[in-house]
*Asks:* 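My structure is below; once you've seen it, I'll send some questions.
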2 protein chains.
Amino acid sequence: MKKKAVVNNTPVCQVRMQAISDTMSVLSGKWKFHILGTLIEGNKLGFMDLLREVNGIGTKMLSKELQDLEMNHLINRNVMNTKPITVEYSLTEYGKTLAPLIDELAKWGVQYRQSIYGLERD
Amino acid sequence: MKKKAVVNNTPVCQVRMQAISDTMSVLSGKWKFHILGTLIEGNKLGFMDLLREVNGIGTKMLSKELQDLEMNHLINRNVMNTKPITVEYSLTEYGKTLAPLIDELAKWGVQYRQSIYGLERD
DNA sequence: CAAGGTAGTATCCTATAGGAAACTACTTCC
DNA sequence: GGAAGTAGTTTCCTATAGGATACTACCTTG
């Protein structure tokens, strides 16, 4: 009897693995989830707003990550016609489809922290 | 009027950002989602099974990531009492709580790919 | 005209994530 | 006894992610 694949090498399973890679490559790096998470809460935010809200990020990374997200049509960059020029970053409609994923991420993190500090059942 | 935080610096918002960081640190790296995703499908898998199923991973990375996951109580490592010694990796009950998150990740990836290759609405 | 706000760029540097390949150690099959 | 399977470990190497810092450029306010 020849050794068969243990799980599925059916299309559906290949697709699943591919899909995980895709999502990870779009949301790669240390900051994208934070930025998106902040924009979900904040609706429309300027560059300096995000710099303040996203704890620990610097201008270089913020600038670069915002460009990445914009290129993938997850956020809008709107240069406003104000006296000191301001820029409004916001989620696109498409970017909003990430909300369930990010909520799930946050939900699990909350419950993870509880499982460690709440009850030391080790 | 003093400049106030634009979003919320309320506890709930701090907690959310913290939670995202927590989840990301537990699931950091290139492979953890793939490994967990495979174990969700495969139930119980050996080292070589995982090496075959997780496309592109090498022994060093697989070994290291499995150790990480085990340390965080997300997977079990069971050395079986077989003739050529085998090891069974499986999700812990706690690890299974990641299923919704990973499903969400995969779901979004599938729909992302469709949005690119399906309809070129650029 | 200096200070402070807006929104970034540019440069330099380093820690580390992760790949490739070789190697251990044990067993069973042919 | 050599090949092939189990499950890893070790070493060496490099690309790059990301931090710190300084800088541009424009506008407003005192």
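Numbered from 1 within each chain, the chains take letters A, B, ... in sequence-line order.
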*Asks:* Grouping I, L, V, M, F, W and Y whenever their side-chain heavy atoms are under 4.5 Å apart, do A:L36 and A:M71 come out in a common cluster?
*Replies:* no

*Asks:* Below 4.0 angstrom from OP1 or OP2 of C:dG8, is there any side-chain N or O of A:Y89?
*Replies:* yes

*Asks:* For nucleotides 24-30 of chain D, which of its nitrogen or oxygen atoms have a protein nitrogen or oxygen under 3.5 Å away, and what is each distance?
*Replies:*
none

*Asks:* Is a donor from one side chain sitting under 3.5 angstrom from an acceptor on the other, for B:H73 and A:S115?
*Replies:* no

*Asks:* Atom CG of B:L66 to atom P of D:dT6: distance rounded to whole Å?
*Replies:* 15 Å

*Asks:* What is the distance, rounded to the nearest whole Å, between atom CD of B:E70 and atom C1' of D:dG8?
*Replies:* 13 Å

*Asks:* Once each nucleotide of nucleotides 9-18 of chain C is scored for protein heavy atoms under 4.0 Å, what B/S/- sequence comes out, 5' to 3'?
*Replies:* BBB------B

*Asks:* Tell me whether the OP1 or OP2 atom of D:dG8 has a side-chain N or O from B:R77 closer than 4.0 Å.
*Replies:* yes

*Asks:* Could I get the full list of side-chain contact (heavy atoms from CB on, under 4.5 Å) partners for A:Q67, not counting sequence neighbours?
*Replies:* A:S63

*Asks:* Check side chain to side chain donor-acceptor pair (under 3.5 Å) between B:Q18 and all other residues, then give those that pass, not counting sequence neighbours.
*Replies:* A:R113

*Asks:* Judged by each residue's nearest nucleotide on DNA chain C, which is more toward the 5′ side, A:T86 or B:G56?
*Replies:* A:T86

*Asks:* B:N55: which residues meet the side-chain contact (heavy atoms from CB on, under 4.5 Å) condition with it, sequence neighbours left out?
*Replies:* none

*Asks:* Name the atoms and distances for all side-chain donor-acceptor pairs under 3.5 Å in residues 98-110 of chain B, with sequence neighbours left out.
*Replies:*
from	atom 1	to	atom 2	distance (Å)
B:D103	OD1	A:R16	NH1	3.1
B:W108	NE1	A:T97	OG1	3.0

*Asks:* Within the structure, does a side-chain N or O atom of A:R52 lie under 4.0 Å from either OP1 or OP2 of C:dA7?
*Replies:* no

*Asks:* Grab the CD1-P distance between A:I57 and C:dG8 for me, whole Å please.
*Replies:* 13 Å

*Asks:* May I have the distance from A:I35 (atom CD1) to C:dG8 (atom C1'), rounded to whole angstrom?
*Replies:* 14 Å

*Asks:* Identify, with sequence neighbours excluded, every residue that meets side chain to side chain donor-acceptor pair (under 3.5 Å) alongside B:S25.
*Replies:* none

*Asks:* For B:K96, which residues count as a side chain to side chain donor-acceptor pair (under 3.5 Å) partner, sequence neighbours excluded?
*Replies:* B:E93

*Asks:* Excluding sequence neighbours, so at least two apart, what forms side chain to side chain donor-acceptor pair (under 3.5 Å) with A:R77?
*Replies:* A:Y89

*Asks:* Over how many whole Å does the gap from A:L51 atom CG to C:dG5 atom P extend?
*Replies:* 13 Å

*Asks:* What is the separation between atom CG on B:L62 and atom C1' on D:dA7, rounded to the nearest whole Å?
*Replies:* 10 Å

